[in-house]
Amino acid sequence: MSGNPGNSLRALSPTPPERGSFPLDHDNECIIQMQKYLNCMKLVGNENAPNCRLLAKEYLRCRMDHKLMDRDDWNHLGLPRDLEEESISRDKDEHYFGQGK
Amino acid sequence: MFHSVRTSVYRCSSASMLLRVTVRKAAMRPNVLIGCSRLYSSKQSGASNTTSTKTNQPTIDFSKLSRDEIRKLHELKTAERLKTKNRSIALYFSSIAVVFLGLAYAAVPLYRAICARTGFGGIPITDRRKFTDDKLVPVDIDKRLRVSFTSEVSQILPWKFVPQQREVYVLPGETALAFYKAKNNSDKDIIGMATYSITPGDAAQYFNKIQCFCFEEQKLAAGEEVDMPVFFFIDPEFATDPSMRNIDDIVLHYTFFRAHYGDGSAVSEAASKGEAISPEEQQQMLANATILSPNDLKDE
């Protein structure tokens, strides 16, 4: 049990996954991205390096494209945003806050 | 005359308490007052000072009242008192009844709210605050946490279920993706259900899964091989919890069990017969599926 006396029930109550369960990829549509990710992890020594996380992003993007996962923003998933999204948001910021400081 | 004065004094003192209450309700009982008023009008001419204490109130000459009339006045007074007391008591109890009726109606959403908050009765806590965007910012600590992956399969489930990587080194707040591979080695479609556990148990409160493949029925066709991902992160508060300072190794263990449909069929018999199941039927069957243990299969 955790050492915090006021919070002893916290460890007993597990939280379910936020999005529930992944639909199974029966047709192996995203197997290429998965293999790339696993090879990257082997190379890095399972360090969860940034470049491998980009490949993870590719895998999840493949899942979203094939309707095996609900679409969502990358920052909700803790992954770095796409470059196109970055430039779009930068343009939006400029529009709202004006050019220059 | 002396006798009459004495009796009048006696009657007045005994009935003096009646005066205050009954006089206030005098309007409701006019016949008593009328009967008494003549007593007072006759008294005023007299030199008696027994009833002169309360001159500013409408006075009743109790000296001339008969015993019956005094008794009637007494009953009247107690009846009035009882009436007000009964009414107030009735109001109190009816208000208590209304409060309990309201509590009965409010109990349903209250119970739901309490169960969702505390997870009482096995209701999973869907605490959205655990998955906000600010929780997904990696915390810079010296040594990365090692998350190992292990797997186990129930002995009556003819599947091969292994993790695709031995471990992942993550920072708290950093999302990570891990894969398990499952292969159905039998010649029938089988439904499996996975559960997981985290070791050490104290770290389980910080292990948040964004999406995985647990606690839901997964159907694998005969001979099918499929990859099952787990997308998770460790809560950033792990880094600041003093009881977690000695933990840098976490094991995620998945166990696959065999499940069956609600009508008892252990396999997708309709699929092996070649019948088409409608999606609603399939949903229904999957919703009723339960986990089997080796004892359940002894009868087969």
Side-chain angles (χ1 to χ4, degrees), chain A residues 1-5 7-35 37-42 44-50 52-60 62-63 68-70 72-80, chain B residues 118-119 124-128 130-133 135-138 144 146 164-171 173-179 182 194 196-198 201-205 207-216 218-221 224-233 241-244:
Chain A
M1 298 297 120
S2 80
N4 184 353
N7 219 4
S8 58
L9 286 179
R10 202 168 153 203
L12 289 175
S13 47
T15 39
E18 187 198 1
R19 292 147 190 279
S21 185
F22 273 120
L24 286 188
D25 186 7
H26 289 284
D27 304 326
N28 288 331
E29 286 157 349
C30 297
I31 200 167
I32 304 168
Q33 285 85 352
M34 187 197 75
Q35 283 301 115
Y37 173 75
L38 287 174
N39 292 337
C40 171
M41 287 299 261
K42 273 198 201 103
V44 179
N46 290 330
E47 269 273 331
N48 204 24
C52 293
R53 298 188 71 220
L54 286 173
L55 290 174
K57 197 169 98 166
E58 289 305 311
Y59 175 77
L60 292 177
C62 166
R63 271 204 165 238
L68 293 167
M69 187 174 165
D70 293 334
D72 204 357
D73 285 339
W74 294 119
N75 42 340
H76 290 331
L77 298 171
L79 291 167
Chain B
T118 61
I125 301 172
T126 46
D127 194 357
R128 294 271 149 200
K130 283 193 165 215
F131 296 96
T132 51
D133 288 352
K135 294 264 183 188
L136 297 175
V137 176
R144 283 183 169 243
R146 179 172 177 244
Q164 301 265 66
Q165 66 282 303
R166 202 175 287 275
E167 77 259 314
V168 175
Y169 293 90
V170 291
L171 295 171
E174 198 178 52
T175 53
L177 185 63
F179 287 94
Y196 74 98
S197 68
I198 303 279
D202 296 344
Q205 54 186 308
F207 194 89
N208 300 326
K209 294 192 308 305
I210 296 177
Q211 202 164 359
C212 66
F213 56 91
C214 39
F215 302 117
E216 280 191 24
Q218 316 282 358
K219 183 151 94 86
L220 280 188
E224 187 181 357
E225 187 173 18
V226 84
D227 301 299
M228 298 173 172
V230 182
F231 197 48
F232 64 92
F233 69 99
D241 190 341
S243 54
M244 300 286 137

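Sequence lines set the chain letters: A, B, ... in the order given, protein chains first and strands last, and positions in each chain run from 1.
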Worksheet item: Is there a donor-acceptor pair under 3.5 Å between the side chain of A:Tyr37 and the backbone N or O of B:Leu177?
Response: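 Yes; at least one donor-acceptor contact below 3.5 Å.
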
Worksheet item: Counting only N and O atoms by type, is there a donor-acceptor contact under 3.5 Å from the side chain of A:Asn48 to the main-chain atoms of B:Val170?
Response: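 Not at all, since once roles are kept as given, no pair shorter than 3.5 Å links the two residues.
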
Given a strict heavy-atom distance threshold of 4.5 Å, which part of [X] is in contact with chain A: side chain, backbone, both, or neither?
X	answer
B:Phe179	side chain
B:Phe232	neither
B:Glu167	both
B:Gln211	both

Worksheet item: Any idea which heavy atoms bring B:Pro229 and A:Tyr59 closest together, and the distance?
Response: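 Result for this residue pair: CG-OH, 3.8 Å.
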
Worksheet entry | Choice from B:Gln164, B:Arg144, B:Glu225 maximising heavy atom contacts with chain A below 4.5 Å |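 Going by pairs under 4.5 Å, I would pick B:Arg144.
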
Discussion item. Tell me which of these, B:Val168, B:Val226, B:Ile210, has more heavy-atom pairs under 4.5 Å with chain A than the rest.
Written reply: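 The candidate making the most pairs under 4.5 Å is B:Ile210.
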
Practice prompt. Using the side-chain contact (heavy atoms from CB on, under 4.5 Å) rule, take B:Lys219 and A:Leu24 through it: C-alpha gap first, then chi angles, then the decisive distance, then the call.
Written response: CA-CA 9 Å; B:Lys219 183 151 94 86; A:Leu24 286 188; over 6 Å; no

Worksheet item: Relative to chain B, which segment of A:Leu77 carries a heavy atom at a distance below 4.5 Å: side chain, backbone, both, or neither?
Response: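 The answer is both parts of A:Leu77.
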
Worksheet item: Distance from B:Thr175 atom OG1 to A:Lys57 atom NZ, nearest 0.5 Å?
Response: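 Result: 11.0 Å between the selected atoms.
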
Practice prompt. Please determine, among A:Lys42, A:Met34, A:Met41, the option with the most heavy-atom pairs under 4.5 Å with chain B.
Written response: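 The candidate making the most pairs under 4.5 Å is A:Met34.
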
Worksheet entry | Among A:Asn28, A:Leu38, A:Asp25, the one residue meeting side-chain contact (heavy atoms from CB on, under 4.5 Å) with B:Asp227 |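 Between B:Asp227 and the candidates, side-chain contact (heavy atoms from CB on, under 4.5 Å) is satisfied uniquely by A:Asn28.
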
Discussion item. If you count heavy atoms of other groups shown closer than 6.0 angstrom to CD1 of A:Ile31, is the number above 12?
Written reply: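 More than 12 within 6.0 Å, yes.
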
